[in-house]
Student: 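One structure is given below, represented as structure tokens, and several questions about it will come after.
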Amino acid sequence: MTATAHGYPRIGPDRELKQACESYWAGRSSAADLDAVAARLRRDVWQDFRAAGVDEIPSNTFSYYDHVLDTALLFDAVPERFGPAPEGEGAGADRAAELKRYFTLARGSDDTPPLEMTKWFDTNYHYLVPELSPQTRFRLAGTKPLSEYNQAKGLGIETRPVLVGPLTFLLLAKPAAGAPEGWSPLELLDGLVEAYGTLLGELAAAGARQVQLDEPILATDEGRERTAELERVYSALGGRSRRPEITVSTYFGSIGTAALEALKRTPVERIGLDLVAGPEAADELAAVSGLGDKTLVAGVVDGRNVWRTDVSAALARLGPLLGLAREVVVSTSCSLLHVPVDLDAETDLDPAIRARLAFARQKLDEVVLLGRALSADDEATAAEIASARAELPEPEGFRDPQVRARLDALGELPVRNREERWSGGGERQVLPTTTIGSFPQTAEIRKTRSEHRAGRLSEEEYTARMRAEIDSVIALQEDIGLDVLVHGEPERNDMVQYFAERLGGFVTTKKGWVQSYGSRCVRPPILYGDVRRPEPMTVDWAVYAQSRTGKPVKGMLTGPVTILAWSFVRDDQPLADTARQVALALRDEVSDLERAGIRHIQVDEAALRELLPLRKQDRQAYLDWAISAFRLATSGVGASTTVHTHMCYSEFGRIVGAIEALDADVTSVEAARSHMELVDDLERAGYRRGIGPGVYDIHSPRVPSVEEIEEALRSALRAVPADRLWVNPDCGLKTRGYTEVEPALRNMVEAARRVRADLPAQG
């Protein structure tokens with residue numbers, strides 16, 4: 001019995017990768033400096049695996065920005081606007097040119113928009129979307145998997161290179177601009193498989209014994225429909241005479257008997273299944289009479305949540321699998337990219353909560369223990385199993401009878417009078433301009449929060465500094481000419497963590513960082529118990545901001561679904577029940593904001609699309625409780641209060657109906673990188689509420705021109721009446737600098753003015 005994991009966090013325990021990348025982008029360090037940090041991080045990860053006793057260690061799970069982007073570059077799937085690859089890979093100045101091209105694909109430049117970015121299946125990780133056309137010609141153009149394999153080999157560590165599988169890569173890609181209507185990237189499959197085959201040959205020549213090809217697309221309806229292509233791909237790759245053993249790894253759900261049978265017919269040696277997100281995979285295995293002489297990589301340790309594995313349940317799940325494959329390898333359910341690095345760094349957690357947790361490093365210990373439990377019969381293993389099975393004490397605040405009683409007593413929620421809102425209660429301004437919420441968080445702001453948290457700054461001084469920042473942000477917005485203002489959120493470290501620190505039932509970590517995209521890292525809170533709001537969380541800041549201007553100021557909250565999506569949530573009750581608890585706490589906050597005179601209240605549901613189940617059959621049940629939670633949170637306000645919501649970096653076409661059902665007055669969404677694709681979805685759906693398709697991509701340092709924004713607004717007006725079209729950036733401005741934000745917002749306001757001026761002439 002052996003143990004492994006699909007992948008591991010790549011940012012480093014102290015976010016070393018983030019710091020190295022941002023230093024490089026700012027010109028404070030060289031390409032060689034960045035590469036040296038990367039090499040150390042990879043070495044440390046492999047040594048962690050070896051120290052834990054993991055038998056099979058993955059490589060090529062590291063990335064400077066994104067593994068899908070790495071795959072596109074590896075096979076030369078780069079749009080023409082980014083130029084050709086530099087010659088002489090890896091040498092001196094050419095290395096700097098390579099990195100410049102790589103990061104331009106990810107982040108854009110002054111004259112080159114970046115690749116579109118969206119969510120990796122139903123996670124909060126963002127990937128760069130490949131742009132392909134009939135003219136795309138795949139070839140093995142890079143050496144990254146081979147180089148990282150050789151680095152590990154030089155350390156005396158044998159690894160299993162991991163890559164995005166060809167089917168997943170093509171089904172996640174999009175047709176480039178100008179591709180014929182109806183053309184699909186899947187038409188490039190044979191050429192891509194040939195390029196993968198070349199790579200397999202080079203890995204085999206270097207001595208690699210195994211390779212892992214990830215096909216999470218098989219957990220989706222679209223992937224399940226591609227069994228013929230699946231069999232074609234892996235019959236071709238498995239049939240090559242010179243290659244390592246192939247593991248086809250699937251995760252984020254079960255893949256169905258048709259895909260299992262297709263893979264079973266191919267020559268690949270190993271199949272990985274997610275038995276956490278897709279527990280029915282065990283029944284599917286039995287239905288196809290097992291895998292015969294293939295190895296099963298059984299994902300029984302949750303790679304997406306931080307709760308300690310229930311050893312008894314995992315062993316009960318593994319036992320029946322032993323007769324369904326030639327060998328069973330114990331694994332995580334997916335890559336550990338989605339959890340923090342090491343629980344040992346968290347020394348201040350309540351011991352009763354800490355005892356229930358396992359981060360990436362601890363999950364390696366779990367897969368090793370489970371592997372030993374199935375293959376060894378010794379006293380030490382038995383003692384560890386007994387310790388893991390010991391009953392844990394219940395943390396304080398785990399259950400709150402008052403919260404549960406309030407929810408039980410809720411009757412039918414009041415329905416906000418939509419006709420009253422739109423016939424006179426709601427604002428009818430033409431092309432109103434606003435922002436999503438946050439403004440740049442300077443080093444001084446972060447220092448102020450840090451000093452206050454450490455007790456070196458009094459409450460009075462902290463409040464005075466935050467108010468001074470709000471004064472500055474309000475004055476800037478008035479000078480720019482925005483219509484609906486925000487207070488800038490200087491007091492907030494993160495849009496979820498801020499609320500978690502003020503709600504009962506949550507704990508937060510000091511170093512529980514998880515990569516969201518590129519150098520952007522978040523510390524998801526841990527929701528362990530019943531959720532309650534001890535006191536108002538945002539009212540004082542909003543009221544102060546409103547007192548500094550005659551223009552309306554939005555109150556800013558994070559919605560219940562997004563708080564759940566960007567937290568590690570308790571797994572002892574249905575997610576819908578937890579969502580109602582969060583929504584009830586937010587409802588109290590919304591009501592307090594309205595009573596304080598705030599007439600625009602934004603409840604962000606950035607993650608509504610993110611949590612949408614991968615299978616159509618499961619989506620309506622999710623949307624029912626997600627919509628209900630949002631409406632519970634916003635149901636306490638009257639018709640004269642404008643309710644906003646915000647969503648970012650998701651494919652919205654699939655949930656336009658759900659967005660309408662939220663019954664928000666205004667929804668702002670990401671649209672700049674996706675080139676206003678949402679507009680067509682809205683037009684087809686007959687969307688009738690206020691909408692703010694983002695016209696400024698804040699995830700790129702480039703400043704959009706007035707003309708670029710003007711063109712986007714005119715495109716949006718094809719589907720949205722001018723009095724319901726809002727003008728705003730894609731997302732909050734927290735991660736950008738004022739040197740970018742101020743000119744971009746001025747361009748946005750000027751573009752809106754130009755379009756507004758033309759409206760009478762258009763009738």
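FYI, side chains are in, hydrogens and waters are out, and symmetry mates aren't considered; it's all heavy atoms of this structure.
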Student: Tell me, please, whether Tyr498 has Arg502 positioned over its six-membered ring: NZ or CZ under 6.0 Å from the ring centre and within 45 degrees of its axis?
Tutor: yes
Student: If the threshold is 4.0 Å, N to carboxylate O, is there a salt bridge linking Arg28 and Asp33?
Tutor: no
Student: Could you list the residues that satisfy side chain to side chain donor-acceptor pair (under 3.5 Å) with Trp566, not counting sequence neighbours?
Tutor: Asn124, Glu610
Student: Which residues pass the side-chain contact (heavy atoms from CB on, under 4.5 Å) test with Arg523, not counting sequence neighbours?
Tutor: Gln497, Thr509, Trp513
Student: Please collect all ring-ring contact (aromatic ring centres under 6.0 Å, His included) contacts where either partner lies in residues 447-487, sequence neighbours excluded, each pair once.
Tutor: His452-Tyr462
Student: Can you give me the closest heavy-atom contact between Gly732 and Ile698, atom names plus distance?
Tutor: O-CD1, 3.1 Å
Student: Just by distance, with hydrogens left out, do Asp479 and Gln477 show a side-chain donor and acceptor under 3.5 Å apart?
Tutor: no
Student: Any salt bridge linking Arg107 with Asp697? Criterion: basic side-chain nitrogen under 4.0 Å from a carboxylate oxygen.
Tutor: no
Student: Residues two or more places apart in sequence or in another chain: which of them pass side chain to side chain donor-acceptor pair (under 3.5 Å) with Thr558?
Tutor: none
Student: Please collect all salt bridge (charged side-chain N to carboxylate O under 4.0 Å, His left out) contacts where either partner lies in residues 535-563, sequence neighbours excluded, each pair once.
Tutor: Asp471-Arg548
Student: What pairs with Ala20 under side-chain contact (heavy atoms from CB on, under 4.5 Å), at least two apart in sequence or on another chain?
Tutor: Leu34, Val37
Student: Return each pair, listed once, that meets salt bridge (charged side-chain N to carboxylate O under 4.0 Å, His left out) where at least one residue sits in residues 439-460; pairs must be two or more places apart or across chains.
Tutor: Glu451-Arg465
Student: Are Glu710 and Arg753 ion-paired here, with the side-chain N under 4.0 Å from a carboxylate O?
Tutor: no
Student: Please identify which of these residues, Ile563, Leu557, Asp604, meets the side-chain contact (heavy atoms from CB on, under 4.5 Å) condition with Met495.
Tutor: Asp604
Student: Classify the side-chain pair Thr645/Gln602 by whether it contains a donor and acceptor separated by less than 3.5 Å.
Tutor: no
Student: Salt bridge check: are Lys174 and Glu131 linked by an N-O gap of less than 4.0 Å?
Tutor: no
Student: How about Trp120 and His67: are their ring centres within less than 6.0 Å of each other?
Tutor: yes
Student: What residues, two or more places apart in sequence or in another chain, satisfy side-chain contact (heavy atoms from CB on, under 4.5 Å) together with Pro432?
Tutor: Gln429, Asp483, Trp726
Student: Please identify each residue that fulfils side chain to side chain donor-acceptor pair (under 3.5 Å) with Asn747, with sequence neighbours left out.
Tutor: none
Student: Would you check if there is a donor-acceptor pair between the side chains of Tyr102 and Ser63 at a distance under 3.5 Å?
Tutor: yes
Student: With sequence neighbours excluded, what pairs up with Asp66 under the salt bridge (Lys or Arg N to Asp or Glu O under 4.0 Å) test?
Tutor: none
Student: Restricting to side-chain contact (heavy atoms from CB on, under 4.5 Å), what partner residues turn up for Thr739, sequence neighbours left out?
Tutor: none
Student: Go through the structure and list residues passing side chain to side chain donor-acceptor pair (under 3.5 Å) with Arg736, not counting sequence neighbours.
Tutor: Glu740
Student: Under 4.0 Å between a side-chain nitrogen and a carboxylate oxygen: does that hold for Arg689 and Asp663?
Tutor: yes
Student: Could you tell me whether Glu750 and Arg754 have a side-chain N and a carboxylate O separated by less than 4.0 Å?
Tutor: yes
